[in-house]
There are 2 protein chains.
Amino acid sequence: MALEVFHKDETLQMRRKLIGQSCRLFFSHDPVKIMRARGQYLYDENGMQYLDCISNVQHVGHCHPSITQAAAAQMDLLYSNTRFLHDNIVLYANRLAATLPKKLCVFYFVNSGSEANDLALRLARQYTRHQDVIVLDYAYHGHLTSLIDISPYKFRKLEGQKEGVHVAPLPDTYHGIYREDHLDPGQAYADTVKSLIEEAHKKGRKISSFFAESLPSVGGQIIFPTGYCKRVAESVHEAGGVYVADEIQTGFGRVGSHFWAFQLQGEDFCPDIVTMGKPMGNGHPIACVATTEEIADAFTANGVEYFNTFGGNPVSCAIGLAVLDVIEKEDLRGNAVRVGGHLKQLLLQLQTKHPLVGDVRGVGLFIGMELVKDRVSRKPATEEAAHLVRRLKEERIVISTDGPWDSVIKFKPPMCFSIEDAERVSTCIDQILGETVPFLEYCLHRTAMEKYPAEEDQKTDTLSVINPSTYRKNNDTLCYLGHGNPTHSLGFMSIPQSRFISF
Amino acid sequence: MALEVFHKDETLQMRRKLIGQSCRLFFSHDPVKIMRARGQYLYDENGMQYLDCISNVQHVGHCHPSITQAAAAQMDLLYSNTRFLHDNIVLYANRLAATLPKKLCVFYFVNSGSEANDLALRLARQYTRHQDVIVLDYAYHGHLTSLIDISPYKFRKLEGQKEGVHVAPLPDTYHGIYREDHLDPGQAYADTVKSLIEEAHKKGRKISSFFAESLPSVGGQIIFPTGYCKRVAESVHEAGGVYVADEIQTGFGRVGSHFWAFQLQGEDFCPDIVTMGKPMGNGHPIACVATTEEIADAFTANGVEYFNTFGGNPVSCAIGLAVLDVIEKEDLRGNAVRVGGHLKQLLLQLQTKHPLVGDVRGVGLFIGMELVKDRVSRKPATEEAAHLVRRLKEERIVISTDGPWDSVIKFKPPMCFSIEDAERVSTCIDQILGETVPFLEYCLHRTAMEKYPAEEDQKTDTLSVINPSTYRKNNDTLCYLGHGNPTHSLGFMSIPQSRFISF
């Protein structure tokens, strides 16, 4: 067990002081301090184990010894840049090429998914000589200036939509304009992109690229309808643009049946650029852009060097190679098929039992369970989803929400997630959804929060410290039913003790 | 000795095929394959040792065992993201804070200098609510879309200067508009920034920031004149903007006397934002933005999360802490003062001997030696500098050029560079500059290149494979004076064998 340097409260205080507060914590009103992790399990400062359902970056499992060994061995030999020749970068590019359609055969290594998407933008614009970009609604493609511009999830909260960015409807057959009862939602949604291109052309604008995650994540764990990508690609190509598949969250076998999520759309679809990141290095900062010879040649032809200080260094590539080895040796794609399939079945059973569960969708270990107020209106059950996440944390299960209304419980665990883990989480969800008290309690807490707002308004987590069974409302006073000091239990809600009546 | 997977030729062939050709190699027509490195020494596939004068990223020396141990130990414990509480990030931020003026007390951790500069732009724009940026001529701030826009070194070769970007003269007292004989070049150059702001204001534009490396590197290893930064900061503040010091190449004690290069400008100057990168992780991808509480608060106030998947993770911070420890324990700042001072003295001696050496400037282990055709016109001796780099490579010394005309030999070695290393490189330069043959030969090769151009036009390295003593010109035919197959020796120049006369 690693030793804590600071007590948790002190760590939190120092973090509040030293780290930009735009960098948020999970469960921000009662954050978890994690000291070590292994496989799909996290351990806090008291050695308490949490089941991790969301760390898709730690793809082959937290702290896999093969990865650590490969990194340390290469760090002892060489950690220089790619202006010197080295075998690792070509070995790694070659291995990645083997997972992709033949035409995606040129690679650029970078340090993050954001760097990869920015480079994809540059490649697309250089190759097509066009500037405009089509993106899907609610999309998030990274934290850089250029990517916020093409991320409706972010730009709607910031400077707004820029000229030259065109937002297509999210092909969400549960909430979107065409639903599961439509005869051909793939065609219908692809037609919305075609129309968008036509409108752009009428304004004299030219499309450089269509950018989309192969399975929209922030959009709510969306699975594209059949035929969508191929038809979109046809329209985009016709307009002189390229198709960029953002596989940063979805690649490296997460979907199980295929190595890349775009391959779910069939062999007759191939993107022109693929960006990859998060799971590539199992935590280590490495990312990549794969593209065609033609696009790479156009980029070279501008005569300007592309130099990425750390991208493709021997250590990053050694780690990338080790990750690929573990995926194969431990048959993690097979595991994603088996465990993901089982988990989806278990969640579908919950859907038959709990009216709150509106939809269960996903493939492999990329699964979403959407909560709704009722199944007719499909009104998102945002607060209930937040409550479920909080309650699961009390049960030592780390999970979170996604989607436009934060109403989708997302599963993107390390790929070593087991059948037993799937059963544990589904049993816990079943129990929590069966509890009668929490929603009443939740409303009480909400009232308290409105009356005595927390210093920092981070709504989704504000109530996470409260054990619902220890409070009851008495007019406008919260009654404390537990032991000890209630203001302490309430963490950062700052409700003065005098407001409580203890029984 | 690590084993090669591929023969060097095969590695090169695979790299040409698999890696985007915009990613260039050092000595691209006869690249060096490096298998391992230690301290300031690189070793190729035959175990041949090279002295490394330019790897500023491998700050405390290549493959320092303390760094590898710290990385491996933390990788075995936890390599997760910063949404969980962890001690390392606050420990590291705290250590960095101790090196900076008090007001720079809030930190954001990212993966590369480019990510840091992009975030600095976002912070500056959010805080000031202004958009425009002032940069120095020839500056390079990173490979991202947003940074190419503010990097004259890049945008001049690409899309050109955008509205909202203002280019101030480089305060270069050797080549610039105000020189070493000016009474107060600091004031004079600062006034150029003031005028630029006034012009921008006349056009109704508003300045968000002044962006500058604390010692311009690509600009040619420039040392700012006294008082420059403070006066620029005054004008920029007056215009409602902030001063961003890009310390990506210059920080972490490289200048010896101070931890940050901006501190050379005196205690009455403090930037509003500092970006750091390259040397932070000794090769590992880590970078950072430090700023004031006011700027961080303005960024938080937009209500939008900043999430960087890998930035500030426990492994990156453990590595960062280990780097700081080695800088202290091995007194690398003291070494930079001693060895850098000695090297500068040796180069100044060469200046008294060789008319080609126009200027020697620098501080600590950040030194530039500028070559000129003659000392009156100060016309840059670009070809001679390229020749010197090639000849030094033959002497197993890795060095390169910088500056607007690639006429500045730059020294930015690992900080463990020794007095003996300094003497070795200066002795070699002395010998090479004393050679009479090479420039004649160089012209012959150049003629050959123009007649039979290489398939890839990478001018600076085209001739690097040629051993100058083995060729002589005979009318328009190159005469081969060496042994073996001349076309082979000529590498990628593709001059047919029939063009040669062997003696």
Side-chain angles (χ1 to χ4, degrees), chain A residues 2 5-6 11-12 14-15 18-26 31-34 36-37 55 57 63 68 71-72 75-80 82-85 87 90-91 93-94 106-108 111-112 118 121-122 143-146 157-158 278 283 285 296 299-300 302 304-306 308-310, chain B residues 2 5-6 11-12 14-15 18-26 31-34 36-37 55 57 63 68 71-72 75-80 82-85 87 90-91 93-94 106-108 111-112 118 121-122 143-146 157-158 278 283 285 296 299-300 302 304-306 308-310:
Chain A
V5 180
F6 305 113
T11 309
L12 187 57
M14 288 177 75
R15 172 148 170 159
L18 287 161
I19 307 298
Q21 288 303 297
S22 305
C23 306
R24 299 203 183 143
L25 289 161
F26 283 131
V32 183
K33 183 170 185 179
I34 298 299
R36 63 187 182 91
S55 289
V57 169
C63 302
T68 306
M75 280 188 82
D76 193 46
L77 282 175
L78 186 70
Y79 207 157
S80 67
T82 57
R83 280 170 171 161
F84 297 110
L85 267 185
D87 289 331
V90 298
L91 275 168
N94 210 31
V106 184
F107 298 83
Y108 299 85
N111 308 301
S112 67
D118 183 86
L121 259 183
R122 290 189 61 199
H143 55 71
L144 299 168
T145 305
S146 61
K157 301 173 195 167
L158 293 164
K278 293 186 188 287
F299 195 61
T300 308
N302 70 24
V304 176
E305 182 181 11
Y306 176 81
N308 190 303
T309 299
F310 308 118
Chain B
V5 181
F6 305 113
T11 308
L12 187 56
M14 287 177 76
R15 172 147 170 160
L18 287 162
I19 307 299
Q21 288 304 295
S22 306
C23 305
R24 299 202 183 145
L25 289 161
F26 283 132
V32 184
K33 184 170 184 178
I34 298 299
R36 63 187 181 92
S55 290
V57 170
C63 303
T68 307
M75 279 187 83
D76 193 46
L77 282 176
L78 186 69
Y79 207 157
S80 66
T82 57
R83 281 170 171 160
F84 297 110
L85 267 185
D87 289 331
V90 298
L91 275 167
N94 210 32
V106 183
F107 298 83
Y108 298 85
N111 308 299
S112 67
D118 183 86
L121 261 183
R122 290 188 62 199
H143 56 70
L144 298 167
T145 305
S146 61
K157 302 174 194 165
L158 293 163
K278 293 185 188 290
F299 195 59
T300 309
N302 70 23
V304 175
E305 182 181 10
Y306 176 80
N308 189 304
T309 299
F310 307 118

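It should be emphasised that the depicted structure is a prediction, and the values quoted were computed from it without experimental measurement. Protein chains get the first letters and strands the later ones, always in sequence-line order, with residue 1 at the start of each.
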**Student:** Could you tell me the separation between the SG atom of Cys63(B) and the CE atom of Met75(A), rounded to the nearest 0.5 Å?
**Tutor:**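 If I round to the nearest 0.5 Å, the distance is 8.0 Å.
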
**Student:** Enter the distance from Leu85(B):CG to Arg15(A):CZ here, rounded to the nearest 0.5 Å.
**Tutor:**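 Nearest 0.5 Å value for the CG-CZ distance: 6.5 Å.
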
**Student:** Tell me the closest heavy-atom pair linking Cys23(A) and Tyr108(B), and the distance in Å.
**Tutor:**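 Shortest heavy-atom contact: SG-CD2, 3.8 Å.
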
**Student:** What pair of heavy atoms forms the shortest contact from His143(B) to Arg122(A), and how long is it?
**Tutor:**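 Reported closest heavy-atom pair: O-NH1, 2.9 Å.
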
**Student:** Could you state the interatomic distance from OG1 (Thr82(A)) to CZ (Phe26(B)), rounded to the nearest 0.5 Å?
**Tutor:**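 So the OG1 of Thr82(A) and the CZ of Phe26(B) are separated by 9.0 Å.
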
**Student:** Work out which heavy atom in Phe299(A) is nearest to a heavy atom in Ser22(B); give both atom names and the distance.
**Tutor:** CD2-OG, 3.3 Å

**Student:** To check you understand the geometry: which heavy-atom pair defines the closest contact between Leu78(B) and Arg36(A), and what is its length?
**Tutor:**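 Reported closest heavy-atom pair: CD1-C, 3.9 Å.
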
**Student:** Carefully, step by step, assess Lys157(B) and Asn302(A) under the rule side-chain contact (heavy atoms from CB on, under 4.5 Å).
**Tutor:** CA-CA 8 Å; Lys157(B) 302 174 194 165; Asn302(A) 70 24; over 6 Å; no

**Student:** If you look at every heavy atom in Leu25(B) and Phe84(A), which pair is closest and at what distance?
**Tutor:** CD2-C, 4.0 Å

**Student:** With chain A, which of Thr145(B), Val57(B), Leu158(B) has the greatest number of heavy-atom pairs at distances under 4.5 Å?
**Tutor:**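 It is Thr145(B).
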
**Student:** Begin with the C-alpha distance, continue with both residues' side-chain angles, and end with the deciding distance and a verdict on side-chain contact (heavy atoms from CB on, under 4.5 Å) for Thr68(B) and Tyr79(A).
**Tutor:** CA-CA 10 Å; Thr68(B) 307; Tyr79(A) 207 157; over 6 Å; no

**Student:** So which of Ser146(B), Ser112(B), Ala71(B), Ala296(B) has the biggest tally of heavy-atom pairs under 4.5 Å with chain A?
**Tutor:** Ser112(B)

**Student:** Backbone N or O of Val5(B) within a donor-acceptor pair of the Asp87(A) side chain at under 3.5 Å?
**Tutor:**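 Present.
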
**Student:** Which region of Val106(A), side chain (C-beta onward) or backbone (N, CA, C, O), has a non-hydrogen atom less than 4.5 Å from a non-hydrogen atom of chain B, or is it both or neither?
**Tutor:**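 Contact with chain B involves both backbone and side-chain atoms of Val106(A).
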
